[in-house]
Amino acid sequence: MTPEQLALRDAVRGLLDKHSDVRAAIETPHGYDKDLWARLTDIGVLPIPEQYGGSGATFDETRIALEELGRTLTPSPLLASAIAAHALLTSTGAEFRGRLLRRIAEGAVATLAWDSVAVTATPAIDYPEVNAASDYLDGAARYVLDGDLAEILLVSDGEFLYEVDPATLSREHTPTIDQTRRLATVHLSNAPALRVGRWSPEIRDFALAALSAEQVGAAARALELTVEYTKTRVQFGKPIGSFQALKHRMADLHVLVETARSAALAANDEVSAAVAKVYCSEAFFSVAAEMVQLHGGIAITWEHDAHLYFKRAHGSRQLFGSPQDHIRRLTRFAHR
Amino acid sequence: MDLSLDAATIEFQAEVRSWLATHVRPLSSMDTPDGFEEHRAWERQLASARLSVVSWPAEFGGREASLLQWLVFEEEYHAAGAPGRVSQNGIFLLAPTLFAFGTDEQRARILPAMARADEVWAQAWSEPEAGSDLASLRSTAVRCDGGWLLRGQKTWSSRAAFADRAFGLFRTGPGERHRGLTYLLFDLRAEGVSVRPIAQLDGEPGFAEIFLDDVFVPDHDVVGAVGDGWRVAMSTAGNERGLTLRSPGRFLAAAGRLVELYRKNPDPALRDRVVDAWIGAQAYRLHTFGALSSPPSGPAASVTKVFWSELDVALHETALDLLGEAAPGWRDGWLFSLAGPIYAGTNEIQRNVIAERILGLPR
């Protein structure tokens with residue numbers, strides 16, 4: 001990381017240390033801390049160039065912030081807004097881009113409901129089925145990040161990108177096992193839609209890379225918390241972390257986290273983004289599952305944060321396509 | 001090995017199957033106050049059909065079923081999707097201890113009430129500073145006129161907030177660690193007991209902490225000899241780790257559901273894991289049948305415990321991966337499976353037991 005990026009990481013980490021209260025945030029009606037979101041956007045973590053009112057940050061900076069948000073599991077509109085901003089920046093006409101990006105830069109929550117069918121052909125599961133009919137959309141999009149809150153709603157039918165006015169549709173918060181992530185179902189019934197650009201698989205790859213960064217942050221923190229605990233929990237007259245059976249497991253987890261970080265950082269095209277999604281999903285899930293086991297009984301309580309990491313790990317593994325979905329996609333490259 | 005069933009067992013199997021088919025219905029979570037009482041009522045229904053404790057002697061409410069018949073009962077029970085056993089701590093952990101170490105008076109007084117769920121038992125082993133290292137426990141029982149006074153704190157006591165009585169280990173001295181411990185029974189509603197429920201990761205108050213402040217226990221509620229509690233307790237731990245608490249029926253039923261799920265959502269990327277989980281359940285079943293002549297107890301129970309607890313996690317994880325996000329039917333079992341490698345002695349402790357006491361590796 002450059003000195004500027006290190007400073008950004010410290011600024012975000014400092015902000016979250018001071019202000020992030022996950023338990024309080026998930027109890028609010030919208031599921032995140034609005035003041036914290038305003039402070040975060042002030043720091044400049046959205047990938048929006050200065051000409052569109054942004055801070056000039058790029059994906060490198062966004063990914064640093066996502067890793068930090070992952071560490072603390074802080075519910076935040078950053079992931080959704082960054083994906084929407086990126087889609088606008090890379091795939092839409094200049095006439096729409098400026099207007100929407102400016103609002104996002106000012107902190108308006110934006111999201112993109114994208115057609116996962118193109119990525120994850122799991123027929124038993126009802127993925128967003130949105131059919132463009134001239135300038136009207138019908139169908140439903142599921143698992144839309146911040147979909148019930150977003151002021152700016154972009155929808156893809158797999159071919160085009162549309163801007164849809166949230167006032168013209170119905171949407172509902174759909175709670176999942178992971179309370180730290182806001183997901184919604186968006187119902188489109190003859191909803192007027194403005195065609196603003198073309199869908200590109202590159203948007204998907206960006207989303208996968210962004211999510212991987214968040215997963216790495218969460219995995220790293222879950223391991224840190226576990227290491228800390230095993231240094232202080234005494235049984236048989238010694239900290240349990242001194243037992244080789246536990247040491248080796250945590251050493252293996254460290255290898256996993258570091259290699260996952262490399263995979264996440266390297267994600268910049270179709271193959272590497274899919275690799276990152278698979279690898280980071282499995283790494284985070286392994287760390288979170290071991291976090292529960294290495295903490296023992298305390299991790300089975302509501303009060304302890306281990307279950308929050310565990311549930312986030314499970315939810316993130318499914319989000320934007322499960323590892324096996326991406327593995328199936330990757331086999332096409334392996335056969336070439 | 002001949003795994004075919006004899007005529008009496010086939011008849012018993014048919015009776016159990018048909019009874020379950022007419023009586024099983026879904027209940028609320030037994031980790032909630034209302035759900036607990038629903039489960040108590042279910043236990044009473046089982047008891048009235050003499051199905052709550054089939055392997056026990058008739059005088060205590062059982063029908064003297066053989067171990068094979070008990071395994072058959074368990075397979076039928078889980079295949080029918082019957083409710084979790086709210087009385088499991090009593091019937092699977094305390095009762096075998098009473099059969100081995102209790103007095104006739106204790107068995108006559110305690111077991112019939114346990115079989116009917118008139119008294120539901122909780123266990124009181126762990127303390128905040130004594131989990132894996134149970135022998136470091138600090139709660140004491142001090143001699144008094146006609147009995148003992150309990151002082152200290154116990155934790156991770158499943159459903160103690162709703163149960164009636166508890167069994168646990170207390171320091172009576174002299175001696176340290178494994179020496180000077182005594183196995184005692186106490187009333188959870190006695191004067192001096194306070195119970196604080198602890199919410200579990202699913203949000204339900206299934207755990208509890210028990211605070212004991214000079215709680216009186218009469219002499220007749222000492223199990224085994226004073227000072228011999230460790231040995232008595234370890235026999236119970238063997239039951240918890242071994243066959244009784246986690247019969248193969250439970251995993252066979254889950255593996256069957258998993259295979260069904262795969263048929264509906266075939267996913268080549270997960271095929272090997274589904275088959276592995278199914279093989280694991282079959283292997284566990286065969287292992288238990290193989291153990292019919294000598295049920296695993298003591299160190300051998302550790303082998304069983306590592307196997308079933310890790311199998312349970314694998315079964316549920318595979319199911320969730322097959323289903324993706326739409327997995328409500330498996331979610332609760334999955335969260336519960338996470339606790340399997342922790343309770344009844346963590347799998348790290350089990351592996352130490354296997355290494356040191358079975359393989360004879362140096363401590």
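Below, all heavy atoms of this structure are taken into account, side chains as well, without hydrogens, waters or symmetry copies. Remember, it's a predicted structure, so these values are computed and weren't measured experimentally.
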Between the side chains of B:Glu317 and A:Arg317, is the shortest nitrogen-to-carboxylate-oxygen separation below 4.0 Å, so that they form an ion pair?
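B:Glu317 and A:Arg317: not salt-bridged.
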
Choice from A:Ile177, A:Ile327, A:Leu308 maximising heavy atom contacts with chain B below 4.5 Å
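Counting heavy-atom pairs under 4.5 Å, the top option is A:Ile177.
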
What residue in A:His304, A:His295, A:Arg249 has the most heavy-atom pairs under 4.5 Å with chain B?
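The residue among A:His304, A:His295, A:Arg249 with the greatest pair count is A:Arg249.
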
Atom group of [X] that falls short of 4.5 Å from chain A, counting heavy atoms:
{"X": "B:Pro128", "value": "backbone"}
{"X": "B:Arg177", "value": "side chain"}
{"X": "B:Asn352", "value": "neither"}
{"X": "B:Ala130", "value": "backbone"}
{"X": "B:Leu338", "value": "both"}

Residues, nucleotides or ligands: over 12 heavy atoms within 6.0 Å of [X] [atom1]:
{"X": "A:His254", "atom1": "NE2", "answer": "no"}
{"X": "B:Arg196", "atom1": "CZ", "answer": "yes"}
{"X": "A:Glu224", "atom1": "CD", "answer": "yes"}
{"X": "A:Glu303", "atom1": "CD", "answer": "no"}
{"X": "B:Trp230", "atom1": "CH2", "answer": "yes"}

pair [X]-[Y]: side-chain heavy atoms closer than 4.5 Å:
{"X": "B:Glu129", "Y": "A:Val234", "value": "no"}
{"X": "A:Gln235", "Y": "B:Glu348", "value": "no"}
{"X": "A:Trp302", "Y": "B:Pro205", "value": "no"}

Which bit of A:Ala299 is near chain B, if near means a heavy-atom gap under 4.5 Å: side chain, backbone, both or neither?
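Backbone only.
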
Under 4.5 Å from any heavy atom of chain B - which part of A:Phe243:
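Neither the backbone nor the side chain of A:Phe243 comes within 4.5 Å of chain B.
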
Are A:Phe310 and B:Trp334 an aromatic pair, judged by ring center distance below 6.0 Å?
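Centroid separation for B:Trp334 and A:Phe310: below 6.0 Å.
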
Supply the atom-to-atom distance [X] [atom1] to [Y] [atom2], rounded to the nearest 0.5 angstrom.
{"X": "B:Leu323", "Y": "A:Ser322", "atom1": "CG", "atom2": "OG", "value": "11.5 Å"}
{"X": "A:Ile298", "Y": "B:Thr155", "atom1": "CD1", "atom2": "OG1", "value": "7.5 Å"}
{"X": "B:Thr346", "Y": "A:Leu246", "atom1": "OG1", "atom2": "CG", "value": "8.5 Å"}
{"X": "B:Arg271", "Y": "A:Gln324", "atom1": "CZ", "atom2": "CD", "value": "14.0 Å"}
{"X": "A:His314", "Y": "B:Asp321", "atom1": "NE2", "atom2": "CG", "value": "7.0 Å"}

Could you go step by step and tell me if A:Phe236 and B:Ser132 meet the side chain to side chain contact (heavy atoms under 4.5 Å, CB included) rule?
CA-CA 8 Å; A:Phe236 304 103; B:Ser132 283; 4.2 Å; yes

If you apply the rule side chain to side chain contact (heavy atoms under 4.5 Å, CB included), what do you find for B:Ile342 with A:Val292, and how did you get there?
CA-CA 9 Å; B:Ile342 297 169; A:Val292 172; 4.2 Å; yes

For chain A, find which of B:Ser136, B:Ala339, B:Pro341, B:Ala269 contributes the most heavy-atom pairs closer than 4.5 angstrom.
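Option with the greatest count: B:Pro341.
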
Chi angles and distances behind the side chain to side chain contact (heavy atoms under 4.5 Å, CB included) call for B:Trp156, A:Thr301:
CA-CA 10 Å; B:Trp156 311 132; A:Thr301 65; 3.3 Å; yes

Side chain to side chain contact (heavy atoms under 4.5 Å, CB included) evaluation trace for A:Arg328 with B:Asp267:
CA-CA 10 Å; A:Arg328 256 194 310 275; B:Asp267 182 342; 2.8 Å; yes

